[in-house]
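In what follows, every heavy atom counts, from backbone to side chain, and hydrogens, waters and symmetry copies are set aside. Remember, it's a predicted structure, so these values are computed and weren't measured experimentally. Every chain is numbered from 1 and lettered A, B, ... according to where its sequence line falls, protein lines coming before strand lines.
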Amino acid sequence: MNITTTLSQAVADALKNLYGIETDAKTIVLQDTRKEFKGDYTLVVFPYVKQARKSPEAVANEIGEAVKAALPLVEGFNVIKGFLNFEVADSYWTSFVAEKAADVNFGMAEVDPNEAPVVVEYSSPNTNKPLHLGHIRNNLLGWSVSQLLAANGSNVKKVNLVNDRGIHICKSMLAWLRYGNGETPESSGMKGDHLVGKYYVEFDKHYKEEVKHLMESGVEEEQAKKEAPLMVEAQSMLKRWEEGDKEVRALWEKMNGWVYAGFDETYNRLGVGFDKVYYESNTYLLGKELVQKGLDMGVLFRKEDGSVWCDLTGDGLDQKLLLRKDGTSVYMTQDLGTALLRHKDFGAERLIYVVGNEQDYHFKVLKLILGKLGFEWADKVYHLSYGMVELPNGKMKSREGTVVDADDLIDEMEKTAEEMSREHGKNDELSPEEQKHLYHILALGALKYFILKVDPTKNMLFNPAESIDFNGNTGPFIQYTHARIRSIVRKAGDVETLSAVSVTMNEKERGVVKTLHALPETVAAAAAAYSPAMVANYAYDLAKAFNSFYQDTPILREEDAQLKHFRVQLCVMVANALKNTMNILGIEVPERM
RNA sequence: GGCCCCGUAGCUCAGCUGGAUAGAGCAACUGCCUUCUAAGCAGUAGGUCCUGCGUUCGAAUCGCAGCAGGGUCACCA
């Protein structure tokens with residue numbers, strides 16, 4: 001059993017025996033003892049002094065005595081004001097290391113593939129322009145949360161819902177027909193998604209001119225925006241698409257094909273992927289039967305003009321449109337349909353949507369309506385709502401050209417990683433391929449860590465200069481620590497398994513061991529909070545604890561064989577823990593750098 | 001304007017269900033490489049935890065009000 005649960009139980013027993021206070025052991029909180037005091041776990045006794053009718057010091061001492069008598073593992077305790085610090089015997093920590101050192105997956109749960117899956121949707125791009133920094137946060141989060149839930153034992157399925165149809169795609173198609181002169185990714189050497197994005201911008205440029213001209217000839221702005229010939233034509237193209245017009249469909253397939261090739265390249269570089277990809281062109285009609293069902297059930301209603309709505313005023317929200325008066329569906333309608341489809345496809349235990357917080361309202365409504373439609377799994381829908389990424393000079397605006405392109409950013413990071421590595425000159429003996437791979441994982445390590453270390457729910461500032469920093473609280477720092485440890489472990493050769501565990505630890509070793517010990521509970525807490533940031537912070541703490549230990553404690557140079565083995569095993573455990581936690585973040589960790 | 005989120009060191013961020021003197025990194029300044037990788041370690045300096053009131057033995061954390069910032073309120077997705 002885990003030491004903290006054992007301790008909690010002993011405390012609960014003591015409370016009952018000493019003062020007749022009945023408590024559930026689970027409600028007893030033990031916190032890590034602060035560094036400046038002696039001890040490992042601290043119980044705050046203030047909550048019990050009233051019932052015990054004694055001073056905090058007296059209560060702490062009495063509980064301390066009782067627990068110490070009950071648990072041999074508790075070697076001693078000290079009391080400072082109302083704080084009871086338990087001192088856990090070294091033997092507990094050393095046997096923990098001896099037991100777990102050989103477990104390369106310590107702290108990582110096994111996944112049962114037969115269990116009902118947790119379905120995570122993320123990425124979900126539009127196919128009219130390339131991926132940018134905002135998408136990067138989404139992709140990294142989606143991937144990492146999937147890894148995190150899997151590390152906590154969930155059977156995770158990652159899905160992507162590609163928005164491959166709609167007016168925005170028609171705009172790119174139309175502009176390409178008009179101004180493209182048959183340009184292709186091959187003919188131009190341009191990545192497919194960038195090429196299509198180029199024509200999306202092109203459309204916007206010409207469209208704005210048309211609107212401007214119309215307004216100059218006296219047309220109202222709103223009217224002009226609707227009447228501009230390009231817009232009219234894009235609309236008619238969308239209509240032809242929906243009617244299955246062969247020509248339009250062929251062009252649509254061609255250009256989407258370019259985009260997918262481009263996306264795949266970016267996904268590969270980012271190291272993310274999916275178990276299943278849905279396309280909106282296949283799912284956008286879903287949800288209409290649900291509307292009928294809702295009408296039959298009386299949870300939806302039809303207005304005089306024929307449009308269908310859901311009344312959410314009883315829930316403190318507005319009325320929500322589900323079918324236009326012409327019978328066509330809206331985003332919400334589709335999302336209801338795809339949720340049902342996904343529920344059926346996977347028999348999912350949970351449906352997680354990694355979508356920015358600007359859609360909080362949408363998902364609130366989605367869950368409500370699913371509930372009203374009688375789906376008991378509505379409360380299994382979880383919107384993993386993440387904050388926006390801002391730049392030092394403000395928000396990203398595609399129209400103002402202030403977007404940070406995903407591919408450019410990765411290129412930039414790789415270039416910097418190469419420069420930094422060459423400067424250090426430690427990797428000259430690696431082959432060119434190995435060097436290239438190293439630069440890649442360092443670049444992505446820096447980028448991913450920079451983004452994932454921030455609490456997902458919070459808006460974050462992306463400062464390009466800081467993101468490529470390789471010192472301090474960064475991905476490369478942790479990668480470096482791993483490489484350093486691996487170097488020691490390689491030099492140590494085969495390490496015997498520790499049999500006797502009677503070593504005396506120094507404070508630095510204790511720090512490392514205790515941090516390692518906290519790995520399983522950290523993963524569990526992070527998974528419960530859907531927060532890769534908690535894992536990132538843990539990895540950083542562990543690396544820091546190790547480096548501090550490494551600095552002034554001999555490992556291979558240690559003469560005492562027992563101690564040396566113990567320390568090497570610590571190294572092995574830390575290396576594994578760093579590798580596994582970084583893997584949760586989608587960050588690869590090098591053997592040397 | 002209604003609803004939602006947010007405000008911690010010069011900057012970027014931690015601080016879990018309330019607990020001891022609020023912590024890291026960057027930037028600034030000091031030291032430490034003939035010794036297991038200095039992408040490191042050790043240290044100095046830097047705070048009205050936005051403001052006020054309240055709950056409590058105890059508040060950065062909970063509640064209310066105010067101020068500042070952001071998001072959202074489409075027959076767009």
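Atom CD of A:E358 is separated from atom P of B:C3 by 21 Å (rounded to the nearest Å). B:G15 atom P lies 7 Å from atom CG of A:N537, rounded to whole Å. Between the CG atom of A:L461 and the P atom of B:G7 there is a distance of 15 Å, given to the nearest Å. The CH2-C1' distance, from A:W309 to B:C75, rounds to 7 Å in whole Å. Between the C1' atom of B:A24 and the CD atom of A:E466 lies a distance of 14 Å, rounded to the nearest Å.
Between A:Y200 and A:F203, a ring centre-to-centre spacing not shorter than 6.0 Å is recorded. Annotation: A:Y19 is not in aromatic contact with A:Y48 [ring centroid separation under 6.0 Å not met].
Using a distance-only test at 3.5 Å, with no hydrogens or angles considered, a donor-acceptor pair links the side chain of A:Y207 to the main chain of A:K225.
Closest to the side chain of A:T33, out of B:A20, B:A77, B:C4, is B:A20. With B:A20, B:C36, B:A77 as the choices, the nucleotide that has an atom nearest any side-chain atom of A:I80 turns out to be B:A20.
No donor-acceptor contact under 3.5 Å links the side chain of A:S548 to the base of B:A42. Taking 3.5 Å as the limit, the base of B:A20 and the side chain of A:N85 contain a donor-acceptor pair of atoms between them. Counting distance only, with no hydrogens placed and no angle test, the side-chain atoms of A:D305 and the base atoms of B:C75 include a donor-acceptor pair under 3.5 Å.
As judged by a 4.0 angstrom heavy-atom cut-off over every strand, A:T481 is placed among residues making no nucleic acid contact. Residue contacts shown for A:N427 include a base, since a base heavy atom lies under 4.0 Å away. Here A:E280 lies in heavy-atom contact (under 4.0 Å) with sugar-phosphate atoms only.
OP1 or OP2 of B:G40 has at least one side-chain nitrogen or oxygen of A:N471 nearer than 4.0 Å.
Residue-to-nucleotide proximity on RNA chain B shows that, of A:K325 and A:D32, the 5′-proximal contact is made by A:D32.
For B:U51 and B:A42, the C1' atoms lie 39 Å apart once the distance is rounded to whole Å.
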